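Atoms within each ligand, like the ligands themselves, are counted from 1 in listed order. On a predicted model such as this, the values are computed, not experimentally measured, just so you know.
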Amino acid sequence: MTSIESSPISHSYRGRFAPTPSGPLHFGSLIAATGSYLQAKSQQGKWLLRIDDLDTPRVVPGAASQICKTLERYGLHWDETIVYQSQHFERYQAIIETLKQQQLTYYCRCTRKEIKAIGGIYLGHCRKLTNSADQSSIRVRVDQPLDGFFDKLQGEIAVEPHLAEEDFIIRRRDGLYAYNLAVVVDDHQAGITEVVRGADLLSTTVRQRHLYQLMRWPEPDYLHLPLAVESHGHKLSKQNHAPALDLDNPEPQLWLALKFLGLKPPLELHQAPVEEQLEWAGSKWNPAQLPCQREIELSDISRQA
Ligand code: GLU
Ligand code: ZN
């Protein structure tokens, strides 16, 4: 007999980590990787790796293989074969065609500058025009204001007003597919049941849910982990040159990541092999103990280390 309180273990749990290969992984990426890994493993689920190399001009040669090497060095071994978004362009196009046949998309020629000049929110200017594909982006219609959603860690999330009604881009003017489209198509294709990622992507979720609903695909659950920020509130990111994860000495960084995720790793694990640390973390993992702030200053975590 199962009690209502105990959360049932799902044997078909499928989670993933989806880094963009625009540079090496940093501590912020380690939190997303470790959090999604532990969440999947605690459900006896699969943890998949997808390389989000969609935005080809931003892809740094060699970054994808360095990311894989780093994950392995940190003991984060993925299941199944690695998926690359750059191999799915036909699939994205097919989904756009499906939406187009239902008159849910249109070509837009408005430039960022033009949209900025009218206040920064796109008001559907091209909806009634019959632009050709040439030099146009493709937008998907948002006919009803988008709904907020429930995040398993952050709770009820309201839609940011400027996102609620804006028809958004699913293929850019330069022909690149938009992140929101690709991530939905790929997560659906991979049968992802829960998306665990950093809170920097929280606001993108409402648009992704819109695409699931238009496609009538089952939606995954969402859990957005707090973001590691520097003491002055700046997000750790490749853009602000967060240091790459150390390949020679991964143990203390993994230990710190576990601490960040609300676990209390004992001091003697600080230099313990990563496999041992992850095994310990797996036995203690409880998403209810995750810190639910959107941001955590790294200095707060390391000071106590
Ligand atoms: N590739 C995205 C990024 O690196 C993450 C995609 C996702 O987790 O939805 O920010
Ligand atoms: Zn337009």
Taking the basic N atoms (NZ, or NE/NH1/NH2) and the acidic carboxylate oxygens, is any pair closer than 4.0 Å for D186 and R91? yes
Angular separation of C110 SG and Y122 OH about the Zn ion (ligand 2), given to 10°: 120°
Taking the Zn ion (ligand 2) as the vertex, how big is the angle to SG in C108 and SG in C126, rounded to 10°? 120°
Note: R16-D187 ion pair, threshold 4.0 Å (strictly below): yes
D55 with R172: basic N within carboxylate O range, under 4.0 Å: yes
Which ligand 1 atoms are under 4.0 Å away from a heavy-atom of R197? 7 (C), 8 (O), 9 (O)
NZ of K46 to CH2 of W78, rounded to nearest 0.5 Å, is 15.5 Å
Qualifying residue, where the test is side-chain hydrogen bond (donor to acceptor under 3.5 Å, both in side chains) with Y106 and the options are T130, N131, D167: D167
Does L201 reach ligand 1 with a nitrogen or oxygen that is under 3.5 Å from one of the ligand's nitrogen or oxygen atoms? no
The test is side chain to side chain donor-acceptor pair (under 3.5 Å); show your working for N180 and Q208 and say whether it passes. CA-CA 6 Å; N180 282 320; Q208 292 164 21; 2.9 Å; yes
How about N131: does one of its N, O or S atoms come closer than 2.8 Å to the Zn ion (ligand 2)? no
Heavy atom of Y179, distance to ligand 1 below 4.0 Å: yes
Under 4.0 Å between heavy atoms, the region of V183 that gets near ligand 1 turns out to be side chain
Counting backbone and side-chain atoms alike, is an N, O or S atom of H125 positioned under 2.8 Å from the Zn ion (ligand 2)? no
Do R16 and ligand 1 have an N or O pair less than 3.5 Å apart? yes
Does a side-chain N-to-carboxylate-O contact under 4.0 Å join R109 and E114? no
